[in-house]
Amino acid sequence: MGVRDLPTPSLVMDLDRMENNLLRMARFFETSGPKLRPHFKAHQIVSLARRQIEAGAVGMTCARLDQAETLICHGIDNILIANEVAGASKIRHFIDLTRRAPVIVAVDNANVLSDMARLAGEWKRELNVLVDVDVRLGRCGVKPGEPAVALARLVLQKGMKFRGLMGYEGQVALPPGAEKDAIVCESLRRLTETKSMIEREGIPVEIVTCGGTSDFSTAARFPDITEIQAGSYLLMDGAYVPFAPEFEPTLSITSTVISKTPGERIVVDAGFRAMSGENGLPSIKGTNGLRAKALHIEHTIIEITDPALSVEVGDKIEIWVHFLDQTLGLHDHIYGVRKGAVEEVLKIEH
């Protein structure tokens, strides 16, 4: 089947570009001190997770317990849940997963540690915990320094395994350069200084995990960093490219032109139900003569900027995915395409 034969709208991935992104990141980490632990949420496809591990990734990062369970069911067991787990039902779910695989979880709250120890009983000795440190983002995480040290002490006091620290500095929405490096370095200085404080207490810090696609190369220069959680690099999207220009966007939405106002606009059959517009309007793949003007529920209105461009009702138009995280949630699978032909169909694990 050719990409032009797919029903519209469909989510398609350029396999050559994806593989180039995969190899580019893998080659970087071949000579880097830290290891790569990619985020599963950035594609939610088990076969792509396997390819990342085969290319050298130490394991996978998950945002949710159900993502971790999916990977465990498919034989991938080196997993970090880089998100807080709270409430008895979710803590029990985490404990159940640890009986099947040595899952690591991030924690920023003393009460959660107490609940984990209580609900796990004697199994608490097998629970692997990272202390989550708020180094910049202002979302989850305990404050750097003494608050993080105190939480590390409590992990051990409660009888669990303290494995190390996590500090996510957030996507640094700047192009590569000195300003971006300064922001990342200041954030990671807080994390590595906290590591040193914990070690001065006589507590080993095995793991220090951080970073993302926007700053992986800067984070890798810190000798105390052991893992980097880049994820978006593999598939990329239009909104992220300016902040990580070494990687190519791979995802697009196929659509059919269903209306044309000559010299003004065309309308295609793909809108908010097929792709996210949260981070801005997408661009049109393969032509400079069209510009997305507005996304509606089932339509995208596209301005004709080149009057000489030949486009008619019934033609197929591909639209670059501008924000992949939400777009993935709108589809059950991705068509993997190479040189215009559909080569594989990849299931998205929701």
Side-chain angles (χ1 to χ4, degrees), residues 11-30 32 34-83 85 93-94 96-98 100-106 128 130 166 168 207 209-214 216 226-237 240 244 247-251 321 323-338 343-350:
L11 178 60
V12 302
M13 174 177 61
D14 185 314
L15 289 170
D16 287 332
R17 286 183 169 218
M18 181 275 292
E19 290 165 1
N20 287 340
N21 290 343
L22 177 71
L23 292 175
R24 187 171 289 112
M25 188 66 92
R27 290 191 186 109
F28 175 86
F29 280 97
E30 283 177 356
S32 170
K35 299 298 183 182
L36 177 65
R37 186 185 286 275
H39 246 295
F40 184 62
K41 70 176 183 179
H43 51 72
Q44 300 174 54
I45 295 171
V46 173
S47 64
L48 294 185
R50 286 203 181 99
R51 292 185 205 189
Q52 289 174 307
I53 291 171
E54 289 166 0
V58 69
M60 297 301 296
T61 304
C62 292
R64 300 197 314 266
L65 293 166
D66 60 329
Q67 293 173 354
E69 184 161 19
T70 294
L71 291 175
I72 291 170
C73 287
H74 287 86
I76 297 172
D77 62 3
N78 191 335
I79 297 167
L80 164 64
I81 300 173
N83 200 7
V85 175
H93 190 181
F94 165 67
D96 288 343
L97 292 179
T98 67
R100 300 161 59 187
V103 182
I104 308 168
V105 70
N128 295 286
L130 297 182
M166 183 182 82
Y168 179 48
I207 297 169
T209 180
C210 68
T213 297
S214 70
F216 70 95
T226 65
E227 298 178 0
I228 294 177
Q229 299 175 20
S232 297
Y233 76 93
L234 189 65
L235 302 188
M236 285 300 284
D237 57 34
Y240 212 141
F247 301 106
E248 300 177 294
T250 70
L251 298 178
V321 169
F323 184 35
L324 70 85
D325 295 77
Q326 284 198 344
T327 300
L328 290 172
L330 302 171
H331 297 266
D332 294 323
H333 51 264
I334 301 177
Y335 294 95
V337 174
R338 199 185 309 272
E343 192 171 292
E344 56 184 307
V345 181
L346 303 101
K347 180 185 176 185
I348 300 172
E349 301 285 349
H350 292 304

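Shortest non-hydrogen contact noted between A82 and Q229 is CB-OE1, 3.8 Å. In plain terms, the two heavy atoms of V103 and T98 that are nearest each other are O-CG2, 4.1 Å. In this structure, H43 and I348 approach most closely via the heavy-atom pair O-CG2, 4.3 Å. Of all non-hydrogen atoms in A26 and A55, the two that sit nearest each other are CB-O, 3.4 Å. Residues D237 and L324 approach most closely at OD2-N, 2.8 Å, considering heavy atoms. Minimum interatomic distance between A42 and L328 (heavy atoms only, all atoms of both residues): O-CD1, 3.6 Å.
By the side chain to side chain donor-acceptor pair (under 3.5 Å) test, R51 is found to be paired with E344, residues two or more places apart in sequence or in another chain being considered.
Ring orientation note: the planes of F216 and F28 are nearly perpendicular, at an angle over 60° on the 30°/60° scale.
The CZ atom of R27 sits 9.5 Å away from atom CG of L22, with the distance rounded to the nearest 0.5 Å. In this structure, the separation between CG on L330 and NE2 on H350 is 8.0 Å, given to the nearest 0.5 Å. Atom CG of residue D14 and atom CZ of residue R338 lie 8.5 Å apart, to the nearest 0.5 angstrom. Note that CD1 of I81 is 10.5 Å distant from OG1 of T61, once rounded to the nearest 0.5 Å. To the nearest 0.5 Å, the span separating CZ on R50 from CD1 on I45 amounts to 12.5 Å. Taking NZ of K35 as the start and OG1 of T209 as the end, the distance is 14.0 Å to the nearest 0.5 Å.
The closest side-chain heavy-atom distance from F247 to R17 is not below 4.5 Å. The shortest distance between side-chain heavy atoms of D96 and R100 does not fall below 4.5 Å. In this structure, the side chains of L251 and M236 stay at 4.5 Å or more apart for every pair of heavy atoms. With contacts defined as side-chain heavy-atom distances shorter than 4.5 Å, the pair L48/M18 qualifies. F40 places a side-chain heavy atom less than 4.5 Å from the side chain of L71. Within the 4.5 Å cutoff, no side-chain heavy atoms of Q52 are placed close to those of M25. A 4.5 Å side-chain heavy-atom check between V105 and L130 finds every atom pair outside the cut-off. No side-chain heavy atom of L80 sits less than 4.5 Å from a side-chain heavy atom of C62.
Between the side chain of E69 and the backbone N or O of L65, no donor-acceptor pair lies under 3.5 Å. Not a single donor-acceptor pair under 3.5 Å links the side chain of N83 to the backbone N or O of R64. Checking side-chain atoms of T213 against main-chain N and O of S232 turns up a donor-acceptor pair under 3.5 Å.
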Problem set entry | L97 and I72: CA distance, side-chain angles, deciding distance, side chain to side chain contact (heavy atoms under 4.5 Å, CB included) verdict | CA-CA 8 Å; L97 292 179; I72 291 170; 4.0 Å; yes
Exercise. What's the verdict on side chain to side chain contact (heavy atoms under 4.5 Å, CB included) for S214 and Y240, showing C-alpha distance, side-chain angles and the deciding distance?
Worked result: CA-CA 8 Å; S214 70; Y240 212 141; 3.4 Å; yes
Problem set entry | Derivation of the side chain to side chain contact (heavy atoms under 4.5 Å, CB included) call for I53 and M60 | CA-CA 8 Å; I53 291 171; M60 297 301 296; 4.1 Å; yes
For this session: Might you work through the side chain to side chain contact (heavy atoms under 4.5 Å, CB included) test for E349 and V46, ending with a clear yes or no?
Result: CA-CA 8 Å; E349 301 285 349; V46 173; 4.0 Å; yes
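Side chain to side chain, Y233 and E248 fail the donor-acceptor criterion of an N or O pair below 3.5 Å.
Between R24 and E19 there is no salt bridge, since no side-chain nitrogen of the basic residue lies less than 4.0 Å from a carboxylate oxygen of the acidic one.
For the side-chain contact (heavy atoms from CB on, under 4.5 Å) with R37, the lone residue among I228, T226, N78 that qualifies is N78.
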